[in-house]
Novice: 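Just passing along the structure, written as structure tokens.
Just so you know, these numbers use all the heavy atoms, side chains as well, and skip hydrogens, waters and symmetry mates. For the single chain, residues carry numbers from 1 onward in sequence order.
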Amino acid sequence: VQLQASGGGLVQPGGSLRLSCVAFGSDRVIKLGWYRQAPGEQRELVATITRFGGVTYADSVKGRFTISTNNALNTVYLQMNRLQPEDTAVYYCNVKDSREYWGKGTQVTVSS
């Protein structure tokens, strides 16, 4: 399975970004998700969504971020609104079928 993420960039505080990640080569996805890692910090969960639509969010992003997928379960999105400087990190998409796969990461920088 190969993951291709896009949508990162530089945005001002209060702005929005939408991340996308396409998973090539899996037809038995169980869960998709986004994680992030800030400089000097451990990688942390941002949001996940299961093939049945169950979602989980980190407390720090609840009410601001929305995770979703397409019907084929091969693309996962992360709509990020009201971005804050503490959201600055490299964002990684994650896919689980019988194994676990990670994308290369996309940089999100929130700064004025």
Novice: Using the rule that Ile, Leu, Val, Met, Phe, Trp and Tyr join whenever any side-chain heavy atoms are under 4.5 Å apart, tell me whether L73 and Y101 fall into a single cluster.
Specialist: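 Shared cluster, yes.
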
Novice: Verify the distance criterion only: is there a donor paired with an acceptor across the side chains of S6 and Q4 at less than 3.5 Å?
Specialist: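 Checked: S6/Q4 side chains show no N/O donor-acceptor pair below 3.5 Å.
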
Novice: Report yes or no: is the cationic atom of R36 (NZ for Lys, CZ for Arg) under 6.0 Å from the centre of the six-membered ring of Y92, at an angle within 45° of the ring normal?
Specialist: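 Relative to the ring axis of Y92, which defines the angle, R36 lies outside at least one limit.
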
Novice: Hey, does L17 have a side-chain heavy atom less than 4.5 Å from the side chain of V108?
Specialist: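 Yes, their side chains come closer than 4.5 Å.
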
Novice: State the OG-CD distance between S68 and Q79, to the nearest 0.5 angstrom.
Specialist: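 S68 OG to Q79 CD: 8.5 Å, rounded to 0.5 Å.
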
Novice: Looking at every non-hydrogen atom in both residues, tell me the closest pair between L78 and V46 and how far apart they are.
Specialist: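 That would be CD2-CG1, 4.0 Å.
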
Novice: With side-chain contact (heavy atoms from CB on, under 4.5 Å) as the criterion, how do T106 and L19 come out once you've worked through the C-alpha distance, each side chain's angles and the decisive distance to 0.1 Å?
Specialist: CA-CA 8 Å; T106 183; L19 305 182; 4.0 Å; yes

Novice: If you take all heavy atoms of L3 and C21, which pair is closest and at what distance?
Specialist: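 Result for this residue pair: CB-SG, 3.9 Å.
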
Novice: Within a 6.0 Å radius of atom NZ on K31, are there more than 12 heavy atoms belonging to other residues, nucleotides or ligands?
Specialist: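 No.
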
Novice: Check whether the ring centres of W34 and F65 lie less than 6.0 Å apart, and answer yes or no.
Specialist: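 Aromatic pair excluded; centres sit 6.0 Å or further apart.
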
Novice: Please report the interatomic distance CZ(R43) to OH(Y91), rounded to the nearest 0.5 Å.
Specialist: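 The OH atom of Y91 is 13.0 Å from CZ of R43, to the nearest 0.5 Å.
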
Novice: Treating R82 as the side-chain partner and G14 as the backbone partner, does any N or O pair qualify as donor plus acceptor under 3.5 Å?
Specialist: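 Checking the backbone N and O of G14 against the side chain of R82, no donor-acceptor pair under 3.5 Å is found.
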
Novice: Identify whether Y77 and V22 are in the same connected component of the hydrophobic contact network (ILVMFWY, side-chain heavy atoms under 4.5 Å).
Specialist: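 Different clusters: Y77 never reaches V22 through Ile, Leu, Val, Met, Phe, Trp or Tyr contacts under 4.5 Å.
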
Novice: What are the two closest heavy atoms between S111 and P13, and how far apart are they?
Specialist: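 Minimum heavy-atom separation between S111 and P13: C-CD, 3.6 Å.
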
Novice: Quick one: does any side-chain atom of N70 pair with a main-chain N or O of T75 as donor and acceptor, under 3.5 Å?
Specialist: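 Present.
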
Novice: Identify the two heavy atoms, one from T88 and one from V110, that lie closest to each other, and give their separation to 0.1 Å.
Specialist: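 For T88 versus V110, the nearest heavy atoms are OG1-N, 2.9 Å.
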
Novice: Measure the spacing between CD1 of I49 and OG1 of T66 and express it to the nearest 0.5 Å.
Specialist: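 The OG1 atom of T66 is 10.0 Å from CD1 of I49, to the nearest 0.5 Å.
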
Novice: If every non-hydrogen atom of L45 is compared with every non-hydrogen atom of A58, which pair is closest and at what distance?
Specialist: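 Heavy atoms of L45 and A58 come nearest at O-CB, 3.4 Å.
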
Novice: For residues L83 and L10: do they belong to one hydrophobic cluster (side chain heavy atoms under 4.5 Å, members Ile, Leu, Val, Met, Phe, Trp, Tyr)?
Specialist: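 No.
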
Novice: Is E100 atom CD crowded by more than 12 heavy atoms from other residues, nucleotides or ligands, each under 6.0 Å away?
Specialist: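 Correct, the count exceeds 12.
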
Novice: Of all heavy-atom pairs between I67 and L32, which one has the smallest distance, and what is that distance?
Specialist: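 In terms of heavy atoms, the two residues are closest at CD1-O, 4.0 Å.
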
Novice: Quick one: OG1 on T50 to CD1 on I30, what's the gap to the nearest 0.5 Å?
Specialist: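 These two atoms lie 10.0 Å from each other.
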
Novice: So does R64 pair up with D87, basic N to acidic O under 4.0 Å?
Specialist: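 Salt bridge between R64 and D87, a charged N being under 4.0 Å from a carboxylate O: yes.
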
Novice: Step through the shown structure and confirm whether more than 12 heavy atoms of other residues, nucleotides or ligands are within 6.0 Å of CD on E86.
Specialist: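 Correct, the count exceeds 12.
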
